[in-house]
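Input: a single structure, listed below in structure tokens.
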Amino acid sequence: MSGLSLYDKLWNAHVVHTQEDATSLIYIDRHLVHEVTSPQAFEGLRLAGRQPWRKASVLAVPDHNVPTTKRDQEIEDPVSRKQLAALDENCSSFDLQKFEMNDIRQGIVHVIGPEQGASLPGMTIVCGDSHTSTHGALAALAFGIGTSEVEHVLATQCLLLKKTNSMRVDLEGELQAGISAKDLVLAVIAEIGTAGGTGYTIEFAGSAIRDLSIEGRMTICNMAIEAGARAGIIGVDERTLEYVAGRPFSPKGAEWEQAKASWCELVSDPDAHFDKVITIDVSALKPQVSWGTSPEMVVAVDALVPDPAEESSDSKAEGMRNALRYMGLEAGQAVKDITIDKVFIGSCTNSRIEDLRAAAVVVQGRQLAENIKLGLIVPGSGLIKQQAEKEGLDKIFKAAGFEWREPGCSMCLGMNADQLEAGERCASTSNRNFEGRQGQGGRTHLLSPAMAAAAGIAGHLADVRDYL
Amino acid sequence: MQAFTTLSSSLLPIDRPNVDTDAIIPKQYLKSIRRSGFGPNLFDDWRYLDPGEPDQSCEGRRLNPEFILNDERYHKAEIVLGRENFGCGSSREHAVWAFQDYGIKALLAPSFADIFFSNCFKNGLLPIVLDQALIDELFAASLADAETSVSIDLDNQIILRDGKQIAHFEVDEFKKHCLLNGLDEIGITLKYADKIKAFEAAQKSSAPWLYSND
């Protein structure tokens with residue numbers, strides 16, 4: 001009999017009922033809600049005459065659609081305005097807790113959950129957004145769901161699920177200067193592929209994960225979905241407890257002591273069984289950049305754009321040719337020669353204070369290159385923005401020519417006015433480089449905040465290690 | 001939810017790997033607060049040459065003649081034929097609603113992304129995983145002859161072509177039961193309301209901090 005993995009423990013602690021076919025009813029502790037994937041779920045509740053099962057489990061915030069400028073005025077886009085109004089209406093009529101757009105606590109749902117202590121170790125956490133995997137960095141079982149499931153959780157506090165397989169990804173070795181969590185996770189996706197994690201929950205482990213801050217671990221778990229995994233999780237350690245302590249929704253006093261004792265169990269037993277284990281030595285890892293239209297199309301910054309002719313699978317080679325065509329690149333050209341038009345530093349992957357600090361180190365005392373049409377810095381929450389301003393980071397960015405915006409999802413998916421024009425190329429700290437993701441015809445290169453800053457200064461993709 | 005039992009239809013081959021939900025229904029249409037009306041914007045960026053906006057009529061927009069949705073021979077198809085990792089990326093259920101609104105009832109691919117796969121079942125759309133070799137064969141047949149059609153029999157979990165069985169497919173027993181009967185999962189779950197309440201009572205005593213804001 002082998003021991004239990006962290007995933008086993010989180011799962012077992014939330015089983016309400018298991019059917020004969022192994023489908024289980026899993027209890028959900030925290031339900032995060034945003035404006036885009038919830039209106040049809042609330043409509044469903046209304047049509048069926050149902051009420052939310054446990055109102056206190058819900059925390060709602062507008063993030064996808066919100067403008068990042070002129071927040072004191074009415075939202076210009078009437079369709080976005082209507083969707084935000086629908087969130088207001090639904091939260092007030094069902095009596096659910098929500099942060100208003102201009103509340104200092106407002107921000108990207110996956111940033112504010114941990115920031116507020118609304119996401120805690122040991123919880124099951126869902127949200128109608130695939131990047132809910134982010135919260136797994138706190139040893140919570142967190143995953144994205146569709147709108148029907150949003151309605152299901154609202155109505156029943158549960159989901160009908162089958163247990164996934166489990167994979168452990170061990171990242172071993174000490175990172176070199178200038179290498180961040182983003183480089184790590186891009187390298188993992190390049191290694192296992194965008195479908196490599198399909199049907200799995202991935203536990204990230206190893207010395208490189210232990211050495212990461214909680215914010216860095218969030219970047220890793222955030223992109224587990226880009227490897228196809230349902231969830232990414234990391235076991236509790238001292239850093240987890242330090243991070244969670246004292247946040248608004250975190251337990252206090254005697255309950256804190258009790259919670260802490262219970263959370264210390266949230267690690268995989270040494271003899272836990274995993275269906276798959278992958279080990280990657282990251283000690284020589286270089287800064288990573290995506291060149292194509294899938295998050296697995298990633299190379300080191302000093303590499304050349306890959307050649308489809310060298311790909312053995314026909315279907316993959318065809319995908320690469322499509323990507324090269326869309327991205328306006330040629331096989332064999334140096335990645336560092338790729339000129340960019342815009343820089344975006346933000347998103348649930350990389351908009352936390354440490355991300356902004358890392359970018360500011362590169363930017364300080366330098367200017368955006370002349371060919372850069374827009375350098376956008378979008379903090380993940382109002383509180384992060386406030387903290388950055390306290391540290392003077394906003395001044396560093398503005399002096400270099402960057403725009404300092406209000407928090408939200410912004411150009412990660414361009415549901416608001418922050419978009420790429422057709423043909424524009426962006427160095428972006430977001431998570432998806434799909435065709436049209438940041439604007440129809442837009443071209444996205446995924447990279448770390450420090451690398452995005454370096455690209456903005458150089459005017460082309462550049463090696464951040466030359467800027468430290 | 002509408003029940004799914006059997007379906008005979010020609011195929012709509014989407015010949016690209018890693019088709020993501022951003023491609024299936026681009027971001028601007030996610031601002032809708034309704035479940036219907038997404039069909040004309042299915043694959044909007046690939047289907048039209050001009051940029052599309054929500055609430056805009058698609059009549060008169062410039063069609064991309066290279067894209068298969070604009071090939072009239074495939075207009076009747078109710079079954080999508082896809083490549084690996086179909087439906088990856090964003091959790092947006094709008095992708096499923098767009099297929100449904102367009103008239104799609106089932107999808108065949110060598111693999112699907114998890115959230116999309118699950119979203120399909122919640123809406124009465126049947127995603128079926130088939131062997132790569134069979135998918136390749138169906139792509140070749142359908143691209144050569146748009147009339148190529150198959151029949152799906154969910155109860156017996158088989159696919160027929162020209163009256164002959166070409167595949168037996170796997171489907172989760174519970175999901176199959178819900179699809180065959182058009183069952184509402186929330187209704188099923190609420191039968192366990194007492195168990196959910198008992199779970200909460202136990203959790204409240206073992207992890208009281210989870211209830212301090214209730």
Side-chain angles (χ1 to χ4, degrees), chain A residues 16-17 19 21 23 25 27 29 36-37 39-40 43 48 50 53-54 56 64-65 79-80 82-83 86 122-123 128-130 144-149 151-152 155-158 160 162 194-195 198-199 228 230 249 251 255 258-259 262 294 315-316 319 322 413-415 432 434-437 440, chain B residues 15-18 20 22-23 26-28 30-35 45-46 51 54-55 83-85 88-94 96-97 111-116 118-119 122-123 172-175 184-186 188-190 192-193 195-196 198-200 203 206-214:
Chain A
V16 172
H17 171 74
Q19 295 173 189
D21 73 338
T23 301
L25 200 56
Y27 190 82
D29 297 316
V36 176
T37 55
Q40 295 87 349
E43 181 67 9
R50 290 173 175 139
W53 180 279
R54 189 175 158 212
H64 282 61
N65 255 307
V79 196
S80 290
K82 204 163 129 194
Q83 197 167 53
M123 275 184 166
D129 189 285
S130 57
I145 56 177
T147 298
S148 294
E149 289 174 312
E151 183 182 341
H152 197 119
T156 70
Q157 212 56 42
C158 294
L160 285 158
K162 271 217 170 120
T194 49
T198 303
R230 196 73 208 256
F249 288 80
E255 279 190 353
Q258 191 184 357
S262 145
S294 161
S315 151
K316 271 207 165 150
N322 274 333
L413 83 167
M415 275 194 77
R432 291 192 173 131
F434 299 154
E435 287 185 18
R437 170 79 178 180
Q440 197 185 17
Chain B
D15 196 5
R16 293 172 68 138
N18 300 312
D20 60 79
D22 272 84
K27 60 187 128 303
Q28 63 269 37
L30 271 50
K31 296 178 190 177
S32 168
I33 57 173
R34 299 167 54 220
R35 265 178 200 259
D45 282 4
W46 295 350
D55 294 337
R83 293 287 185 191
E84 63 264 27
N85 201 26
C88 62
S90 157
S91 64
R92 58 188 71 171
E93 199 160 314
H94 311 66
V96 172
W97 300 333
S111 60
F112 294 90
D114 283 342
I115 304 179
F116 177 81
S118 157
N119 285 344
K122 312 283 177 191
N123 291 277
D172 182 274
E173 268 307 308
F174 177 68
K175 289 191 166 102
D184 164 22
E185 278 192 13
I186 295 179
I188 296 173
T189 299
L190 286 173
Y192 296 100
K195 282 201 161 192
I196 301 171
F199 176 93
E200 286 177 325
Q203 194 189 41
S206 64
W209 61 88
L210 292 173
Y211 291 81
S212 46
N213 293 305
D214 280 60

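Note that these values count all heavy atoms, side chains included, but never hydrogens, waters or copies made by symmetry. Nothing here was measured: the structure is a model prediction, and the numbers come from that model. Within every chain, numbering begins at 1; the chains are lettered A, B, ... in the order of the sequence lines, protein sequences first and strands thereafter.
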(message) I'd like to know if the side chain of Q258(A) reaches the main chain of W209(B), judged simply by a donor and an acceptor atom lying under 3.5 Å from each other, with no hydrogens or angles considered.
(response) no
(request) Verify, without hydrogens or angle tests, whether K316(A) (side chain) and P17(B) (backbone) share a donor-acceptor contact under 3.5 angstrom. (result) no
(message) Can you tell me which portion of T23(A) sits under 4.5 Å from chain B's heavy atoms? Options are side chain, backbone, both or neither.
(response) side chain
(message) Rounded to the nearest 0.5 Å, what separates atom CG in L25(A) from atom CZ in F199(B)?
(response) 10.0 Å
(request) Looking only at non-hydrogen atoms, find the nearest pair between R92(B) and L413(A) and report the distance. (result) NH2-CD1, 4.3 Å
(message) Measuring from atom CD1 of I186(B) to atom CH2 of W53(A), what distance do you get when rounded to the nearest 0.5 angstrom?
(response) 12.5 Å
(message) Between P26(B), A23(B), G89(B), who has the most heavy-atom pairs with chain A when the cutoff is under 4.5 Å?
(response) G89(B)
(message) If I measure from the heavy atoms of chain A, does A198(B) come under 4.5 Å with its side chain, its backbone, both, or neither?
(response) neither
(request) List for me each residue that meets side-chain contact (heavy atoms from CB on, under 4.5 Å) alongside D15(B), sequence neighbours excluded, and say none if there are none. (result) R83(B), F139(B), L143(B)
(message) I need the Q28(B) CD to N65(A) CG distance, nearest 0.5 Å.
(response) 11.5 Å
(message) Heavy-atom pairs under 4.5 Å with chain A: which of P208(B), S212(B), P54(B), A113(B) has the most?
(response) P208(B)
(request) Write down the atom of D114(B), the atom of G199(A), and the distance for their closest heavy-atom approach. (result) OD2-N, 3.1 Å
(request) Counting only heavy atoms closer than 4.5 Å, note whether E185(B) contacts chain A via side chain, backbone, both or neither. (result) both
(request) Output the distance between atom CG (L160(A)) and atom NZ (K122(B)), rounded to the nearest 0.5 Å. (result) 6.0 Å
(request) Please determine, by modelled atom types, if W46(B) and E435(A) share a side-chain donor-acceptor pair under 3.5 angstrom. (result) yes
(request) Considering non-hydrogen atoms only, spot the tightest contact between S130(A) and S91(B) and give its length. (result) N-OG, 3.4 Å
(message) Heavy-atom pairs under 4.5 Å with chain A: which of N123(B), V96(B), L210(B) has the most?
(response) L210(B)
(message) With a 4.5 angstrom heavy-atom cut-off, is it the side chain or the backbone of A155(A) that approaches chain B, or both, or neither?
(response) both
(message) Can you tell me which portion of S118(B) sits under 4.5 Å from chain A's heavy atoms? Options are side chain, backbone, both or neither.
(response) side chain
(request) Report the C-alpha separation of D29(A) and Q203(B) in whole Å, then their side-chain angles, then the decisive distance to 0.1 Å, and conclude whether the side-chain contact (heavy atoms from CB on, under 4.5 Å) test is met. (result) CA-CA 10 Å; D29(A) 297 316; Q203(B) 194 189 41; 2.9 Å; yes
(message) I'd like to know which of S315(A), A86(A), G228(A) tops the heavy-atom pair count under 4.5 Å against chain B.
(response) S315(A)
(message) side-chain contact (heavy atoms from CB on, under 4.5 Å), that's the test. Do K162(A) and F174(B) meet it? Break it down for me.
(response) CA-CA 10 Å; K162(A) 271 217 170 120; F174(B) 177 68; over 6 Å; no
(message) Ignoring hydrogens, what is the shortest heavy-atom contact between R50(A) and D184(B)? Give both atom names and the distance.
(response) NH2-OD2, 3.3 Å
(message) Please classify the contact of N119(B) with chain A as side chain, backbone, both or neither, using a heavy-atom distance under 4.5 Å.
(response) side chain
(request) Answer with side chain, backbone, both or neither: which region of F112(B) has an atom nearer than 4.5 Å to a non-hydrogen atom of chain A? (result) backbone
(message) Which atoms of T198(A) are under 4.5 Å from chain B, going by heavy atoms: the side chain, the backbone, both sets, or neither?
(response) both
(request) Could you walk me through whether I115(B) and R230(A) pass the side-chain contact (heavy atoms from CB on, under 4.5 Å) test, one step at a time? (result) CA-CA 8 Å; I115(B) 304 179; R230(A) 196 73 208 256; 3.8 Å; yes
(message) Report which part of R432(A) has an atom under 4.5 Å of a heavy atom belonging to chain B: side chain, backbone, both, or neither.
(response) side chain
(message) Under 4.5 Å from any heavy atom of chain B, what part of Q157(A) do you find: side chain, backbone, both or neither?
(response) side chain
(message) Looking at K31(B) and M415(A), would you say the former's side chain and the latter's main chain have a donor-acceptor pair under 3.5 Å?
(response) yes
(request) Please identify each residue that fulfils salt bridge (charged side-chain N to carboxylate O under 4.0 Å, His left out) with E151(A), with sequence neighbours left out. (result) R35(B)
(message) I need the Y211(B) OH to R54(A) CZ distance, nearest 0.5 Å.
(response) 4.5 Å
(request) Tell me, for N213(B) versus chain A, whether the close heavy atoms (under 4.5 Å) come from the side chain, the backbone, both or neither. (result) both
(request) Identify the two heavy atoms, one from Q40(A) and one from S32(B), that lie closest to each other, and give their separation to 0.1 Å. (result) NE2-O, 3.3 Å
(request) Please answer whether the main-chain N or O of D21(A) pairs with a side-chain N or O of E173(B) as donor and acceptor at a distance below 3.5 Å. (result) no
(request) Just do the side-chain contact (heavy atoms from CB on, under 4.5 Å) check on I33(B) and K82(A) with the steps written out, would you? (result) CA-CA 8 Å; I33(B) 57 173; K82(A) 204 163 129 194; 4.3 Å; yes
(request) Could you tell me which non-hydrogen atom of D22(B) sits nearest to which non-hydrogen atom of R437(A), and how far apart they are? (result) OD1-NH1, 2.9 Å
(message) Counting heavy-atom pairs closer than 4.5 Å to chain B, which one of G128(A), P251(A), A259(A) comes out on top?
(response) A259(A)
